[in-house]
Amino acid sequence: MPSPSSHPEETPALSPSSRANRGWWDGNADDYQVEHGSFLRDDGFVWGPEGLDEADARLLGDVRGRRVLEIGCGAAQCARWLAGQGARVAAFDISHRQLRHSQRIDLDTGMRVPVVQADAEALPFAGGSFDVACSAYGALPFVADPLAVFREVRRVLRPGGRFVFSVSHPVRWAFPDDPGPRGLTSDRSYFDRTPYEERDERGVLTYVEHHRTMADWVNLLAASGLTIAGLVEPEWPEGHERVWGGWSPLRGRHLPGTAIFTCVKG
């Protein structure tokens with residue numbers, strides 16, 4: 001499996017978004033894993049709150065023997081599932097505390113997944129190292145420069161390599177992040193790209209999530225040199241009653257909550 005390389009020669013300073021989100025996830029990883037760990041499963045690959053499972057969706061294709069990178073892996077649940085399918089896996093996350101949870105799960109399951117702490121805007125892997133890259137809500141909603149991430153992903157993929165990632169569906173940003181009836185009425189412009197921010201009492205940025213329209217995502221991927229091969233908008237399944245933040249069965253019957261892009265390096 002590819003090991004971290006010296007690229008870039010000097011690790012660049014984190015952007016304000018990445019620095020804030022690293023701190024936020026370090027501080028909230030424990031609660032996140034307690035609340036969502038059973039849904040994600042120690043060795044499961046769930047694309048989003050709707051519960052679409054890679055075991056059923058097969059968006060990555062046959063991964064047996066393939067070199068696969070998970071971007072923004074959290075506790076590496078997806079990477080662990082991929083390893084169980086015979087993939088040669090590496091994974092990274094910006095949060096050290098999330099990676100500690102990956103180590104905990106390694107001990108619990110007896111399946112060790114190689115992980116490294118890194119920023120998605122500067123991947124510490126050599127060019128052409130991977131056949132497949134994937135990200136289930138990892139990194140991309142939280143970075144200031146998604147084009148840098150896409151270019152880095154393209155760099156580390158071999159020719160013909162596949163990249164599949166999920167993010168909040170852009171239309172969700174026009175609605176309140178409320179799982180109840182209030183979340184069904186738009187109260188802001190879809191075209192307002194002002195990021196959602198949280199700050200401490202001193203005004204220091206502690207969390208940020210960025211909004212891009214569907215056209216923004218498409219144009220960023222085109223600018224990176226990646227080709228879009230497919231798009232999935234998972235429907236909320238019958239019998240799935242779990243509420244996760246603003247996602248819920250009520251809203252899922254009316255609005256798409258997740259967008260999953262499949263891309264190919266030409």
For atom CZ of Arg64, is the number of surrounding heavy atoms from other residues, nucleotides or ligands below 6.0 Å larger than 12? no
Which heavy atom of Gly48 sits nearest to which heavy atom of Tyr137, and what is that distance? CA-CE1, 3.8 Å
Restricting to side-chain hydrogen bond (donor to acceptor under 3.5 Å, both in side chains), what partner residues turn up for Asp30, sequence neighbours left out? Arg97, His101
Counterpart residues, side-chain hydrogen bond (donor to acceptor under 3.5 Å, both in side chains), relative to Glu35 (two or more places apart): none
Any side-chain donor near an acceptor of the partner, Ser95 and Asp26, under 3.5 Å: yes
Partners meeting side-chain hydrogen bond (donor to acceptor under 3.5 Å, both in side chains) with Gln117 (sequence neighbours left out): none
With ring-ring contact (aromatic ring centres under 6.0 Å, His included) as the criterion, how do Tyr32 and Trp25 come out once you've worked through the C-alpha distance, each side chain's angles and the decisive distance to 0.1 Å? CA-CA 9 Å; Tyr32 178 87; Trp25 282 106; 5.2 Å; yes
Without hydrogens or angle criteria, can the side chains of Thr206 and Glu198 be said to hold a donor-acceptor pair below 3.5 Å? no
Do Glu54 and Trp81 pair up side chain to side chain, a donor and an acceptor below 3.5 Å, judged on atom types alone? no
With ring-ring contact (aromatic ring centres under 6.0 Å, His included) as the rule and sequence neighbours excluded, what pairs involving residues 218-240 come up? Phe39-His240, Trp236-His240
Taken in chain and number order and not counting sequence neighbours, the residues that satisfy side-chain hydrogen bond (donor to acceptor under 3.5 Å, both in side chains) with Asp108 are none
Please step through side-chain contact (heavy atoms from CB on, under 4.5 Å) for the pair Asp192 and Trp173, ending with a clear verdict. CA-CA 9 Å; Asp192 181 358; Trp173 283 79; over 6 Å; no
Residues two or more places apart in sequence or in another chain: which of them pass salt bridge (Lys or Arg N to Asp or Glu O under 4.0 Å) with Asp187? none
